[in-house]
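Values in this document were obtained by computation on a predicted structure and should not be read as measured data. Computation of the quantities below employed the complete heavy-atom set of this structure, encompassing side-chain atoms and omitting hydrogens, waters and symmetry-equivalent molecules. Naming convention: chains lettered A, B, ... in sequence-line order (proteins, then strands); numbering from 1 in each chain.
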Protein chains: 2
Amino acid sequence: MSDETPQVGRRATLTDVARAAGVSRQTASRVARGGENVNARTAARVRRAIKALGYRPDPIARALSTGRGRIVGLLTHQLTHQRTGLGAVSIMIGVEQAATELGLGVSIATFASFDRGTVQDAVDRLARAGCDGVIFMAPWVSAAKTLRAVEATLPMVATSEVPEYDGLAVHADAAKAAGDVVDHLVSLGHTTVHHVGGPPDWTSSRLRLLGWENALRRTGAEVPEPLIGDWTARSGYEAGLRLADDPSVTAIFAANDEMALGVIYALIERGRHVPEDVSVAGYDDAPGSDYLRPPLTTIKVDDAEHGRQAVAQLILRLNGEPPLPSAVVPHELIIRASTAPHE
Amino acid sequence: MSDETPQVGRRATLTDVARAAGVSRQTASRVARGGENVNARTAARVRRAIKALGYRPDPIARALSTGRGRIVGLLTHQLTHQRTGLGAVSIMIGVEQAATELGLGVSIATFASFDRGTVQDAVDRLARAGCDGVIFMAPWVSAAKTLRAVEATLPMVATSEVPEYDGLAVHADAAKAAGDVVDHLVSLGHTTVHHVGGPPDWTSSRLRLLGWENALRRTGAEVPEPLIGDWTARSGYEAGLRLADDPSVTAIFAANDEMALGVIYALIERGRHVPEDVSVAGYDDAPGSDYLRPPLTTIKVDDAEHGRQAVAQLILRLNGEPPLPSAVVPHELIIRASTAPHE
DNA sequence: TAACAAGATGTTACCGGTAACAGCGCCCTT
DNA sequence: AAGGGCGCTGTTACCGGTAACATCTTGTTA
């Protein structure tokens with residue numbers, strides 16, 4: 001094994017390359033980055049040396065020198081339940097895929113509570129870690145101030161719509177999706193649709209509720225008082241108990257699949273059949289929702305694509321280019337057996 | 001606003017602190033790190049300057065200088081379904097919590113397929129990003145070689161047991177957990193327990209199957225041929241169809257909740273009641289499994305704790321200290337209505 | 001043919017830390 | 001009183017890159 005075998009011993013540096021190619025470090029650096037203003041013959045020689053030595057630039061040194069780390073920060077919270085969990089991990093994977101494709105690293109920071117200080121700590125960690133920009137999974141409604149504070153620290157893209165915040169955000173059109181669910185149920189002959197919403201301080205709750213309400217209004221249907229859950233099946237169950245004994249309830253839209261599960265449980269427990277007596281729809285297309293009894297009508301969003309689009313927007317932002325106008329993640333209404341014609 | 005207001009303008013550096021305190025940069029550095037061999041009075045002066053200027057060390061510069069990045073790498077794959085998805089995100093959160101507590105950053109890299117090259121690329125990315133060590137979520141059986149390759153690049157802790165790999169790993173005792181399920185079913189009067197396993201190249205499949213088999217053997221029960229699924233509810237459904245018509249089947253243990261869902265769907269479709277005719281148990285305690293009909297008996301593992309323990313082991317490893325012997329994540333059998341006495 | 005622009009390369013300094021070593025004062029030995 | 005060790009502090013160099021500027025060729029133009 002010769003001294004120059006790649007991967008053995010100390011990693012090759014630019015200085016090694018320069019020496020091997022008989023040029024200055026600076027010239028080697030120029031070639032390594034793309035070779036502007038370098039003679040073709042020289043460049044070829046340097047490239048040969050790079051290959052022979054297995055040289056790869058050290059991102060840390062580069063970051064120190066340029067002040068830019070070529071790292072995307074991922075800021076997310078620690079709730080582990082369904083809504084956040086599975087969607088979040090898919091978004092993360094999308095982010096990582098897109099970032100890697102662009103040669104960027106990904107650092108993560110999480111926060112346990114939604115208050116300003118905690119979040120700011122997390123952003124600071126990312127900033128100090130050399131992140132050039134942040135993708136912020138900020139799911140709660142009153143995040144506007146926090147978002148502005150984060151944006152002041154680092155360029156940012158949010159992964160949800162946030163009221164009173166007009167910075168960059170990539171998101172699915174949750175209100176439209178909720179409207180699709182309502183339209184579907186109305187078209188099945190239901191005169192109105194009841195709603196079991198998520199916690200009011202969550203953006204997704206708010207938008208799903210809004211979309212539900214607007215769609216009902218649009219069709220001229222009565223808008224019943226919504227019930228509020230906390231995303232868990234148990235809270236869905238409790239809401240379901242309250243709806244089960246009201247014979248005018250024939251269609252229920254739960255803001256996520258888990259709560260839909262609880263709703264169905266309660267309905268059945270009270271002797272009402274799904275979907276014969278009551279149609280139930282969810283949101284998220286959680287794994288397994290196709291083999292519930294009955295299989296659940298729900299909304300599916302491509303979360304990985306969500307993550308990829310967020311990175312795309314962030315990169316444009318970092319390069320000072322105008323954002324893509326099309327940054328809305330597509331959704332799809334998946335109709336299954338939990339919703340059926342009324343009467 | 002004075003020049004010294006923290007957070008305004010350029011971040012304070014060690015040089016700024018040194019100048020403000022009237023000492024050399026080196027002394028300032030010593031104090032910033034803990035103040036060995038520094039006069040108490042001097043140290044106090046430096047600390048005051050640090051506070052006044054809002055100085056915080058730059059991890060990048062430190063990493064360049066020391067060669068250690070104070071970053072934990074998180075290596076995981078891109079499958080988004082249940083088993084990986086939700087468990088993975090919880091482990092990640094645990095990792096991030098523990099790392100943050102220790103003042104470490106977290107970088108992630110994902111890989112799309114299990115082949116050596118792809119995984120090695122991902123580790124390399126982490127290595128170049130300044131990670132000191134890696135937590136590797138390597139869920140497949142034949143990973144031993146890959147693990148050794150990763151370990152050769154960076155100190156590593158795996159989050160699953162891997163056959164023929166004797167490096168550090170933190171994991172739940174999946175075989176024991178599977179045994180607990182079987183024991184529970186046997187104690188209910190079932191003469192044997194059928195199994196719907198996950199893909200054979202997954203460690204968790206293998207261990208759950210092994211634990212199931214051993215427990216049956218131990219109790220002297222017959223060991224029926226296991227059926228193999230792919231973690232999805234659909235595959236559980238298909239397995240369920242094959243078991244449904246065999247009257248000797250009275251208890252089924254599925255290797256995850258999603259497949260259990262499919263199994264139950266098939267059984268009911270074929271007119272067999274759960275749990276009256278057939279008991280079904282799953283694994284994972286997926287959100288909502290408490291409001292399935294019937295609520296699902298399953299195994300719950302504290303994934304966040306899993307992540308925390310992995311970090312703890314990694315840190316010991318990095319410091320050259322002996323690993324904790326107790327690195328087994330506890331699990332819990334959760335008994336619900338999907339399992340019932342036989343006869 | 002002198003002047004000058006553009007291309008190619010090298011030199012120097014710097015990013016913000018840390019390590020290694022040198023120097024200085026002081027107290028304690030002997 | 002000289003020597004030695006210790007506590008504290010400063011100096012210098014280095015980590016692996018990049019930016020800014022200087023220098024030296026060329027080829028082009030007036």
Check: Is the shortest side-chain N/O distance from B/T27 to OP1 or OP2 of D/dG10 below 4.0 Å?
Finding: yes

Check: Side chains of B/T118 and B/D115: donor-acceptor distance under 3.5 Å anywhere?
Finding: yes

Check: When all nucleic acid strands are considered with a 4.0 Å heavy-atom cut-off, which category describes A/R30: base, sugar-phosphate, or nothing?
Finding: base

Checklist line | Nearest-angstrom distance from the residue atom CZ of B/R56 to P of C/dG16 | finding: 15 Å

Checklist line | A/Q313 and A/Q309: side chain donor to acceptor below 3.5 Å | finding: no

Check: Within the structure shown, what part of the strands sits under 4.0 Å from B/T42 by heavy-atom distance: base, sugar-phosphate, or nothing?
Finding: sugar-phosphate

Next item on the list: Kindly point out which of D/dG16, D/dT11, D/dT18 is positioned nearest to the side chain of B/S24?
Entry: D/dT11

Next item on the list: Starting from P on C/dG16, measure out to CG on B/L53 and report it in whole angstrom.
Entry: 14 Å

Next item on the list: Identify, between B/A40 and A/R33, the residue whose nearest nucleotide on DNA chain D lies closer to the 5' end.
Entry: B/A40

Note to self: Just to be sure I understand the rule, does A/N39 reach a base, reach only the sugar-phosphate, or reach nothing, if contact means heavy atoms closer than 4.0 Å?
What the structure shows: sugar-phosphate

Check: Which pair of heavy atoms, one from A/A20 and one from A/L53, lies closest together, and at what distance?
Finding: CB-CD1, 4.1 Å

Check: Nearest-Å distance, CD1 (B/I50) to P (C/dG16)?
Finding: 16 Å

Note to self: Within the 3.5 Å criterion, strictly below it, is a donor on B/T153 or B/Q120 matched to an acceptor on the partner's side chain?
What the structure shows: yes

Next item on the list: Round to the nearest Å and state the distance from A/R62 atom CZ to C/dG16 atom C1'.
Entry: 18 Å

Check: Taking atom types as they are modelled, is there a donor-acceptor pair under 3.5 Å from the base of D/dG17 to the side chain of A/S65?
Finding: yes

Notebook entry, point to check: Tell me: CD of A/E36 to P of D/dT18, nearest whole Å?
Noted result: 14 Å

Margin query: What is the distance, to the nearest angstrom, from the CG atom on B/L14 to the P atom on C/dC14?
Written below: 17 Å

Notebook entry, point to check: Of the candidate nucleotides C/dT11, D/dC8, C/dG17, which contains the atom at the shortest distance from the side chain of B/P57?
Noted result: C/dG17

Checklist line | Minimum-distance nucleotide (side-chain atoms of A/Q26 versus D/dT18, D/dG17, C/dG17) | finding: D/dT18

Next item on the list: By nearest nucleotide on DNA chain C, pick out whichever of A/R25 and A/R45 is the more 5' one.
Entry: A/R45

Note to self: Checking A/S29 against A/R25: is there a side-chain donor and acceptor pair closer than 3.5 Å?
What the structure shows: no

Check: What is the distance, rounded to the nearest whole Å, between atom CG of A/D58 and atom C1' of D/dC14?
Finding: 14 Å

Checklist line | For atom CG of A/N37 and atom P of D/dA19, their distance in whole Å | finding: 13 Å

